[in-house]
Amino acid sequence: QISLLKTLLPKEALKINCVITKMIDNLQISFEFLADMELNTSFVPSHFEYKFTSTYFEHIKINGYIDRIDFASNLLRIVDYKSSSKSITETSFKAGLKLQLLTYLILATKEFDREPCGAYYYSLKNDNIDIAAAKVTRGNLVEFTEEDYHQNFMKNHRLSGWTFNESELLDYDGRHCVGIRTSSKGLSFTIYDFNLIDQVLKELYQLLVDKLQQGLIPVDPVEGA
């Protein structure tokens with residue numbers, strides 16, 4: 001396909017080569033992080049591109065594909081691969097602007113009858129990372145080591161999302177998921193209430209149904225979502 005593209009656009013051959021090289025570099029960097037993550041979790045990939053149809057939410061039929069579903073013991077997590085950086089805030093979720101990831105988590109837990117542990121985005125886009133040449137420690141200038149650079153790399157490529165269970169099976173060293181970190185007492189978690197998420201989603205979908213039944217379909221659906 002690449003050779004065909006170059007044939008169709010011969011004047012863009014150099015640009016196409018640059019794009020392909022960048023794509024390969026991005027994948028290699030992503031694989032480096034993901035390989036390290038797999039060594040530090042008990043979760044095992046069980047399903048990829050999992051196709052589902054659900055009527056869990058009343059009056060709504062949802063069809064979709066879940067990029068990745070992982071199991072560990074009776075726990076479940078999902079990972080959604082993205083081409084750009086994604087995150088969820090409580091404000092955006094309550095406004096109905098970021099529903100897909102958490103909807104998929106709820107439907108997956110019902111489908112496989114497992115306890116929810118987390119739902120995360122993984123961005124395949126490698127943004128530029130600003131790293132200082134050195135740091136000051138106790139008044140002394142100390143150059144960054146390869147380990148310092150690696151730690152910074154890991155921090156900037158973490159899974160971004162919400163965690164629902166304080167399970168060390170998720171991330172042994174607390175370096176791979178936003179909201180999980182190390183402390184003097186071990187791992188520390190930022191935990192969200194799964195039952196509350198379920199309740200809010202039901203309310204948001206019912207609100208959507210009510211508005212559609214009333215013919216309220218604004219041209220700008222984001223404002224006042």
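By convention here, the first residue in the shown sequence is residue 1.
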Trainee: Check whether any side-chain heavy atom of N26 sits under 4.5 Å from a side-chain heavy atom of L124, and report yes or no.
Mentor: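 Of all side-chain heavy-atom pairs linking L124 with N26, none is under 4.5 Å.
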
Trainee: Tell me yes or no: between the side chains of R175 and T182, is some donor less than 3.5 Å from an acceptor?
Mentor: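 Checked: R175/T182 side chains show no N/O donor-acceptor pair below 3.5 Å.
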
Trainee: Does one side chain, of Q199 or N195, offer a donor that lies under 3.5 Å from an acceptor on the other?
Mentor: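 Absent: no donor and acceptor within the cut-off.
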
Trainee: Please step through side chain to side chain contact (heavy atoms under 4.5 Å, CB included) for the pair Y50 and E111, ending with a clear verdict.
Mentor: CA-CA 11 Å; Y50 182 78; E111 178 81 7; 2.7 Å; yes

Trainee: Check for a donor-acceptor pair, side chain of S46 on one end and backbone N or O of V44 on the other, with a separation under 3.5 Å.
Mentor: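 Pair found, side chain donor or acceptor close to backbone of V44.
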
Trainee: Applying a strict under-4.5 Å side-chain criterion to I, L, V, M, F, W and Y, I'd like to know whether I191 and Y120 cluster together.
Mentor: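 Yes, I191 connects to Y120 through the hydrophobic network.
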
Trainee: Please confirm whether the ring centroid of Y192 lies under 6.0 Å from the ring centroid of F93.
Mentor: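 No - the distance between ring centres of Y192 and F93 does not fall below the 6.0 Å cut-off.
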
Trainee: Taking the inter-plane angle between the rings of H47 and F71 on a 0 to 90° scale, is it parallel (under 30°), tilted (30 to 60°) or perpendicular (over 60°)?
Mentor: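 Ring orientation of H47 relative to F71: perpendicular.
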
Trainee: Looking only at atom types and distance, does a side-chain atom of S54 sit under 3.5 Å from a main-chain N or O of K61, one as donor and one as acceptor?
Mentor: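 Side chain of S54 to backbone of K61, a donor-acceptor pair under 3.5 Å: no, none is there.
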
Trainee: Quick one: does K98's side chain get under 4.5 Å of Y121's, heavy atoms only?
Mentor: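 Yes; the side chains approach each other to less than 4.5 Å.
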
Trainee: Could you tell me whether a side-chain N or O of K86 sits under 3.5 Å from a main-chain N or O of S160, the two making a donor and an acceptor?
Mentor: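 Not a single qualifying donor-acceptor pair exists.
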
Trainee: Below 4.5 Å, heavy atoms only, C-beta onward: do H59 and Q206 meet side chain to side chain?
Mentor: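 In short, these two side chains touch, coming nearer than 4.5 Å.
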
Trainee: With the side chain counted from C-beta on, respond yes when L105 and L76 share a heavy-atom pair under 4.5 Å apart, and no when they do not.
Mentor: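 Heavy-atom side-chain distance check passes, below 4.5 Å.
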
Trainee: Under the salt bridge (Lys or Arg N to Asp or Glu O under 4.0 Å) rule, what pairs show up with a residue in residues 183-202, not counting sequence neighbours?
Mentor: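 Every pair satisfying salt bridge (Lys or Arg N to Asp or Glu O under 4.0 Å) with a residue in residues 183-202: D198-K202.
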
Trainee: Between Q214 and D210 (side chain of the first, backbone of the second, donor and acceptor by atom type, cut-off under 3.5 Å), is there such a pair?
Mentor: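 Here the side-chain-to-backbone pair exists.
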
Trainee: Keeping R68 on the side-chain end and I66 on the backbone end, is there a donor-acceptor pair under 3.5 Å?
Mentor: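 Absent.
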
Trainee: Looking at S167 and L169, would you say the former's side chain and the latter's main chain have a donor-acceptor pair under 3.5 Å?
Mentor: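 Indeed, once roles are kept as given, a pair shorter than 3.5 Å links the two residues.
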
Trainee: What is the ring orientation for F194 with F164, classed by angle as parallel under 30°, tilted 30 to 60°, or perpendicular over 60°?
Mentor: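 The arrangement is perpendicular - the two ring planes meet at more than 60°.
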
Trainee: Could you walk me through whether Y205 and T103 satisfy the side chain to side chain contact (heavy atoms under 4.5 Å, CB included) test, starting with their C-alpha distance in whole Å, then the side-chain angles of each, then the deciding distance to 0.1 Å, before giving a yes or no?
Mentor: CA-CA 10 Å; Y205 281 125; T103 295; 2.8 Å; yes

Trainee: Quick one: do R77 and T163 satisfy side-chain hydrogen bond (donor to acceptor under 3.5 Å, both in side chains)? Show the steps, please.
Mentor: CA-CA 9 Å; R77 77 172 176 188; T163 303; over 6 Å; no

Trainee: From the options T109, I78, D80, select the one residue that forms a side chain to side chain contact (heavy atoms under 4.5 Å, CB included) with Y104.
Mentor: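 Single pass found, and it is I78.
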
Trainee: Carefully, step by step, assess D67 and E49 under the rule side chain to side chain contact (heavy atoms under 4.5 Å, CB included).
Mentor: CA-CA 4 Å; D67 285 350; E49 288 293 313; 3.1 Å; yes

Trainee: Going by heavy atoms in the side chains, are E12 and L5 under 4.5 Å from each other?
Mentor: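 No, side chains not in contact.
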
Trainee: For H157 and H176, what are the C-alpha separation, side-chain angles and deciding distance, and is it a side chain to side chain contact (heavy atoms under 4.5 Å, CB included)?
Mentor: CA-CA 8 Å; H157 287 80; H176 303 87; over 6 Å; no

Trainee: Would you check, one step at a time, whether the test side-chain hydrogen bond (donor to acceptor under 3.5 Å, both in side chains) holds for Y81 with S30?
Mentor: CA-CA 11 Å; Y81 296 108; S30 295; over 6 Å; no

Trainee: Check whether any side-chain heavy atom of N165 lies under 4.5 Å from a side-chain heavy atom of L170, and answer yes or no.
Mentor: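 In short, these two side chains do not touch, never coming nearer than 4.5 Å.
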
